[in-house]
Amino acid sequence: MPELPDVEIFRRYLNRKALNKKIKDVDIKNSKIISAAKTKYVKALRNKKINSSKRYGKYLFAELGKKNNLMFHFGMTGFLKYFKNLEAEPQHGRFLIKFYNGYYLAWNNQRLLGEVKLVDSIKGFIEKKNLGPDALSLNLPLFEKLIGGKTGSIKSALMKQELIAGVGNIYSDEILYQAKINPASNCKKLKNKDIEILFENLKKVLKEAIKYKADPDKMPDSWLLTHRSKEGRCGRCGKGIKHQKISGRTSYFCPRCQKKS
DNA sequence: AGTACCACCTGACGGC
DNA sequence: TGCCGTCAGGTGGTAC
């Protein structure tokens with residue numbers, strides 16, 4: 001799930017469910033996903049409230065106070081779940097925040113590829129990770145500048161978090177599909193017009209995905225995401241969707257609509 | 001600079 | 001039924 005649109009949906013969920021509620025305790029069920037002693041998490045959270053939240057790229061920050069933020073990174077299988085009764089607890093709740101009102105907020109994650117981290121400065125965290133600008137904050141000149149100097153495939157450039165924060169395997173495919181650009185195209189070979197179209201579709205896909213609650217079932221037939229499988233057919237031309245490894249990740253595209261530049 | 005692997009983890013799925 | 005290989009929407013490291 002968790003690319004920019006998914007994480008933005010998690011952020012809104014967190015705001016809706018867990019803001020301004022006093023925290024009673026923290027239950028960390030797996031220490032692989034934390035980077036400091038459990039006691040530090042308890043100390044940072046107990047009797048505090050989440051005042052606000054921020055998202056940068058695929059990272060979510062719960063703000064509990066000045067220099068007191070909890071960063072959630074979701075890996076490939078993470079999500080948040082707010083619940084009351086323990087029978088409603090998701091199967092892989094690894095990090096549980098318990099509120100005085102009896103509810104819990106769980107950071108659920110089947111695979112342990114992810115992290116929940118105490119962060120004093122969000123800005124400092126972003127700098128340390130060397131993240132590029134958040135994909136939704138981009139403007140065309142900046143996008144041209146970021147993509148322009150690259151010599152690799154456009155797909156790998158879109159997914160590179162140090163270049164642009166927030167786009168992963170699924171949405172890079174979707175953006176390229178809607179822009180009708182082949183994922184294996186070399187950045188150098190793209191024309192200015194291509195980059196402009198790509199930029200427009202980057203914004204459009206991410207924003208609309210958020211409107212669809214990052215839920216593929218809600219997305220229209222004209223999106224690749226609804227056909228993104230080995231048996232899928234292009235919603236535009238009906239030709240079979242092709243898949244190919246590009247920069248180590250399986251990419252899906254329409255070989256007819258997305259000619260290589 | 002870019003790429004090709006490997007690693008970290010768990011679980012679902014298909015083939016035999 | 002059970003075992004096995006493969007694959008999965010992320011990131012980080014190493015080696016070429």
Side-chain angles (χ1 to χ4, degrees), chain A residues 1-10 28-35 55-60 71-80 90-95 106-117 119 125-126 128-132 134-135 145-178 183-190 202 205-206 208-210 212-219 223-232 241 243-253:
Chain A
M1 297 175 175
E3 298 181 36
L4 186 152
D6 311 273
V7 178
E8 178 59 23
I9 295 304
F10 299 160
I28 300 168
K29 308 225 174 196
N30 191 310
S31 48
K32 283 209 166 82
I33 54 101
I34 54 173
S35 50
R55 182 197 55 74
Y56 193 101
K58 302 174 189 172
Y59 297 88
L60 177 61
M71 184 285 288
F72 296 103
H73 186 255
F74 296 92
M76 303 204 2
T77 53
F79 60 90
L80 296 177
Q91 202 183 345
H92 307 283
R94 312 290 192 181
F95 191 106
W107 178 85
N108 192 81
N109 207 327
Q110 180 205 105
R111 295 163 76 183
L112 296 166
L113 310 176
E115 193 181 10
V116 181
K117 187 183 171 79
V119 169
F125 175 86
I126 292 163
K128 201 169 172 190
K129 288 269 180 197
N130 201 21
L131 296 175
D134 183 81
K145 198 179 139 201
L146 291 168
I147 298 298
K150 297 290 153 204
T151 56
S153 72
I154 184 60
K155 160 113 176 170
S156 67
L158 286 178
M159 286 199 304
K160 206 165 281 177
Q161 301 301 297
E162 310 88 71
L163 218 57
I164 298 165
V167 179
N169 195 27
I170 288 279
Y171 285 102
S172 62
D173 279 359
E174 188 63 51
I175 291 161
L176 289 160
Y177 175 78
Q178 296 202 23
S185 296
N186 190 301
C187 293
K188 272 194 308 194
K189 295 209 172 165
L190 295 177
L202 172 107
V205 165
L206 296 177
E208 290 189 5
I210 293 169
Y212 296 128
K213 310 251 186 286
D215 179 355
D217 292 342
K218 296 191 170 72
M219 292 170 192
W223 280 41
L224 175 66
L225 215 25
T226 56
H227 311 278
R228 199 179 182 280
S229 73
K230 298 194 164 83
E231 300 76 33
I241 293 295
H243 61 100
Q244 179 187 332
K245 281 240 186 218
I246 299 169
S247 69
R249 309 296 298 279
T250 304
S251 309
Y252 291 82
F253 61 97

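Below, read A as the first sequence line, B as the second, and so on, with proteins coming before strands; counting in each chain starts at 1. Only a predicted model underlies this, so the values are computations on that prediction, with no experimental measurement involved.
Using a 4.0 Å cut-off, no side-chain N or O of A:His92 falls inside it from OP1 or OP2 of B:dT10. Close to B:dG2, at under 4.0 Å from its OP1 or OP2, lies a side-chain N or O of A:Thr151. Phosphate proximity of C:dA8 to A:Thr250: present, with a side-chain N or O under 4.0 Å from OP1 or OP2. Listed pair A:Lys32 / B:dC8 fails the phosphate criterion, with no side-chain N or O lying under 4.0 Å from OP1 or OP2. For A:Lys58 and C:dT11, the shortest distance from a side-chain N or O to OP1 or OP2 is below 4.0 Å. For A:Arg249 and C:dA8, the shortest distance from a side-chain N or O to OP1 or OP2 is not below 4.0 Å. The side chain of A:Lys150 places no N or O atom within less than 4.0 Å of a non-bridging phosphate oxygen (OP1 or OP2) of B:dA1. When the side-chain nitrogen and oxygen atoms of A:Thr77 are compared with OP1 and OP2 of B:dG11, none of them lie within a distance under 4.0 Å.
The distance from atom CE of A:Met76 to atom P of B:dT10 is 14 Å, rounded to the nearest whole Å. The NZ-C1' distance, from A:Lys155 to C:dG10, rounds to 13 Å in whole Å. As rounded to whole Å, 16 Å separates atom C1' of C:dG13 from atom CG of A:Asn130. Atom C1' of nucleotide C:dG10 and atom NZ of A:Lys117 are separated by 16 Å, given to the nearest angstrom. Following rounding to the nearest Å, A:Ile33 (CD1) and B:dC9 (P) show an atom-to-atom distance of 13 Å. Atom CG of A:Asn109 and atom C1' of B:dC8 are 12 Å apart (whole Å). Between A:Asp217 atom CG and C:dG9 atom C1' there is a gap of 15 Å when expressed in whole angstrom units. Whole-Å rounding puts the A:Lys230 NZ to C:dA8 C1' distance at 10 Å.
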Output, in order, the C-alpha distance, side-chain angles, deciding distance and verdict of salt bridge (charged side-chain N to carboxylate O under 4.0 Å, His left out) for A:Asp134 and A:Arg55. CA-CA 9 Å; A:Asp134 183 81; A:Arg55 182 197 55 74; 2.8 Å; yes
Take A:Lys150 and A:Asn186 through the side chain to side chain donor-acceptor pair (under 3.5 Å) test and state the conclusion after the steps. CA-CA 8 Å; A:Lys150 297 290 153 204; A:Asn186 190 301; over 6 Å; no
Set out, in order, the CA-CA distance, both residues' side-chain angles and the distance that settles side chain to side chain contact (heavy atoms under 4.5 Å, CB included) for A:Leu80 and A:Asn108, then state yes or no. CA-CA 6 Å; A:Leu80 296 177; A:Asn108 192 81; over 6 Å; no
Report the C-alpha separation of A:Ile241 and A:Arg228 in whole Å, then their side-chain angles, then the decisive distance to 0.1 Å, and conclude whether the side chain to side chain contact (heavy atoms under 4.5 Å, CB included) test is met. CA-CA 7 Å; A:Ile241 293 295; A:Arg228 199 179 182 280; over 6 Å; no
Yes or no on side chain to side chain donor-acceptor pair (under 3.5 Å) for A:Lys188 and A:Thr151, after CA distance, side-chain angles and deciding distance? CA-CA 6 Å; A:Lys188 272 194 308 194; A:Thr151 56; 6.0 Å; no
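B:dA12 is paired with C:dT6 under the criterion used here, namely a Watson-Crick or G-U wobble arrangement in which both key atom distances are under 3.5 Å.
If you check B:dT10, C:dT11, C:dG9 against the side chain of A:His73, the one that comes closest is C:dT11. Side-chain proximity of A:Tyr59 to B:dG2, B:dC9, C:dT11: nearest is C:dT11. Side-chain proximity of A:Arg111 to C:dG9, B:dT3, C:dA8: nearest is C:dA8.
Spacing of P atoms, B:dC5 relative to C:dT6, comes out at 14 Å, to the nearest Å. Rounded to whole Å, the C1' atom of B:dC8 lies 24 Å from the corresponding atom of C:dC3. Rounded to a whole angstrom, the distance from the P atom of C:dC7 to that of B:dA4 is 16 Å.
The minimum heavy-atom distance between A:Leu163 and A:Ala157, with the atom names listed, is CD2-O, 3.5 Å.
Shown are A:Phe72, A:Tyr59, A:Tyr56; of these, the ring pair (Phe, Tyr, Trp, His ring centres under 6.0 Å) with A:Phe125 is made only by A:Tyr59.
At the heavy-atom level, A:Gln110 lies under 4.0 Å from base atoms of the strands shown. Contacts of A:Lys129 with the nucleic acid, taken as non-hydrogen atoms under 4.0 Å apart, involve only primed sugar atoms and P, OP1 or OP2. Using a 4.0 Å heavy-atom cutoff across all strands shown, A:Gly152 reaches sugar-phosphate atoms only and no base atom. If you check every strand for non-hydrogen atoms under 4.0 Å, A:Gln161 touches sugar and phosphate atoms only.
Side-chain atoms of A:Asp6 come within donor-acceptor range of the base of C:dG9, with a qualifying N/O pair under 3.5 Å.
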